[in-house]
Amino acid sequence: MIFADAFAWLFDPVNWSGAKGIPLRTGVHLLYCLGAVLGASAIAVPLGLFVGHTGRGGTFLVGGSNALRALPTLGLVTFLYLIAGGGTGPVLIALVVLAIPPILAGTYAGIQDVDRGVVDAAKGMGMTGGQVLWQVELPNALPLLIGGLRNATLQVVATASVAAYVGIETLGRPLLDGLRVLDYGQFVGGAVLIALLAVVLDLVLAGAQKAIVPRGLRLVGQPTGPKKGKRSQKLVALAAQPDSGGSTA
Amino acid sequence: MIEFRAVTKRFDDGTIAVNNLDLVVEAGTITVFVGPSGCGKTTSLRMVNRMIDPSSGTILVDGKDILSVDPPMLRRGIGYVIQQAGLFPHRTVLDNVATVPLLSGWSRSKARGRAAELLELVGLPAELGKRYPVQLSGGQQQRVGVARALAADPPVLLMDEPFSAVDPVVREGLQDELLRLQAELDKTIVFVTHDIDEAVRIGEKVAVFREGGILAQYDRPAELLARPADDFVAHFVGKDRGYRSLSFVDASGVEVGAVPLVQVSEAVEPSGEWRLAVDDRRHPRGWLAPGTTVDGPLVEDVLKPGGSLFEVGQSIRGALDAALSSPSGLGVAVDAEGAVVGAVTATQVLAVIEGLRESRG
Ligand SMILES: Nc1ncnc2c1ncn2[C@@H]1O[C@H](COP(=O)(O)OP(=O)(O)O)[C@@H](O)[C@H]1O
Ligand SMILES: [Mg+2]
């Protein structure tokens, strides 16, 4: 019974210590995710704010972000590995590339979504372009922006597994190993850990969202992050094919 | 004072939104821009605070060419109210109103203090200040929008269809409120609407625009109704303009005559004429028809409901309407407290109107 095997693997003390133990792998996995989401945010949030605020380059942005989405992450990791050699860089870059489109989309949509009358009034009151952006557009874009971060995080958590292909000890390792030696207990155990990590991170971000989004907006009941239905679908998909983050196919 | 000198706006797609506009908005008046949709009212308005820059021509505010002022600085000195109110959803009502003072560098506490004063000025309870815009009704949002525009005490106020999205009853209340505020504040107000009734109700001067951004007529409302410049304006000001123009005719020429009174709750002698029933404060309660027999004290059930009331000092339109809507043919005239002072007949009112027409030649 595969779940019993997974259970056994998960609770075997041997798997919880040492360089190949679950805690360390979780830590490494988490670090890669954090690095990827931060790196992608550093690029995508300013870009999304700029394009959303000025309205310039919207088509370029949508096209570029679709192109990024079309890149197979596993292929990208392998490619970067081949040209740049092993190590952290190629994997991190690939994950950043993966995380950019959802954050960009969330930021851009968030700004675009702000009621035109509100922006018009802000300008008409005598706000400068920068004041309109920081005092009006950004606060009102937060629900969708954080939604984009949550989407990116989910994808990155699932996809950081591919780092295992190039020898990095993430939670992708048990999946690879399990697949290679046909140890499905290990395989499913690894998948469960990844799913758990995704859920926990999403809860953390949901909490942050609650704390950051201004009260007046929460009262409006605007969309706050990924739709419930979609999210659980993604988790199911994630557990079933843990080495594909949707874009690795 | 706002001066448009040969102002034209042609958009990039070739649309001429405003065509060679020459117009002076006098200081301390409410001037209304009115006309069918797409005739360039909004564009004309938004050129004053440089939300749009003209293609050619000059706009002066208090003698100063606005193109020489940096737009954000210019706008902080000009109040701006739009149709959807455009309140900031993420800020409380109080902080919305404090926006311009804060932009102008006031301390937060001083700006909020000022904002609280303004909420009171526009007739909103202070506790509303803690709420968020989404928690207000449409009418309340518009009041907050007006308060926000007035916060830094700008001499000029631009209002683009501010009351068009609220229901008619609330709209009338907001119009009255604006007139009351203006009596107190004496701003230079440009008010855009597509509703001619609203225009003649609140405007001291009305500019009627036609398609293509052309100014068709610029006049006092009474003139507009009495003497439309052409068929377009005549058609736009609509039916009943003769009757509506009576709103602007002083009723002082109409002599208020005596009216037979009876008192409710008291015994009444029979009579062959219409008599007006009043209560102990002389407020009208209804009419007692000729020949009605009353046993014992007069009760309101036997009275015929009265028509509209004519408050002495109102326009002659009120006097005529009171006479026409009264079952007795006698329009009831009341004082400011609502107590009956007498009655007028339609014949009397019409004679005064005829007289005025003849004296005008
Ligand atoms: N940004 C724009 N670009 C092109 N045409 C515009 C723009 N804004 C307004 N117009 C056109 O200019 C004309 C006047 O518009 P507007 O001033 O908004 O009219 P109103 O407020 O009287 O309804 C309309 O034909 C409108 O379609
Ligand atoms: Mg308009």
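Naming convention: chains lettered A, B, ... in sequence-line order (proteins, then strands); numbering from 1 in each chain.
Heavy atoms only, all atoms of each residue included: V118(A) and L87(B) are closest at CG2-O, 3.4 Å. Nearest heavy atoms, G216(A) versus Y132(B): CA-CD2, 3.2 Å. Closest non-hydrogen pair, A121(A) versus G86(B), comes out as CB-O, 3.4 Å. In plain terms, the two heavy atoms of G117(A) and I82(B) that are nearest each other are O-CD1, 3.3 Å. Nearest heavy-atom pair across R215(A) and Q135(B) is NH2-NE2, 4.3 Å. When every heavy atom of P89(B) is checked against every heavy atom of L217(A), the shortest pair comes out as CB-CD2, 3.8 Å.
Here the straight-line distance linking atom OG1 of T128(A) with atom CE of M73(B) works out to 11.5 Å at 0.5 Å rounding. Atom CG of N96(B) sits about 9.0 Å away from atom CE of M125(A), to the nearest 0.5 Å. Distance CZ/R50(B) to NZ/K123(A): 13.5 Å, rounded to 0.5 Å. The distance from atom CD of Q131(A) to atom CG of L103(B), rounded to the nearest 0.5 Å, is 5.0 Å.
Residues R46(B) and D120(A) have side chains in contact (heavy-atom distance under 4.5 Å, counting atoms from C-beta outward).
Shown here is E204(B), whose CD atom has more than 12 heavy atoms of other residues, nucleotides or ligands within 6.0 Å. Within 6.0 Å of the CG atom in D13(B), the count of heavy atoms belonging to other residues, nucleotides or ligands exceeds 12.
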Fill in: side chain to side chain contact (heavy atoms under 4.5 Å, CB included) evaluation trace for M127(A) with T99(B)
CA-CA 9 Å; M127(A) 288 193 186; T99(B) 302; 3.8 Å; yes
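Using a 4.5 Å cut-off between heavy atoms, Y80(B) touches chain A through backbone and side chain atoms alike. Using a 4.5 Å cut-off between heavy atoms, I78(B) contacts chain A through its backbone alone, with no side-chain atom that close.
Contact count versus chain A (heavy atoms, under 4.5 Å) is highest, among R131(B), R148(B), Q83(B), for R148(B).
Residues R116(A) and Q84(B) bring no donor and acceptor atom of their side chains to less than 3.5 Å of each other.
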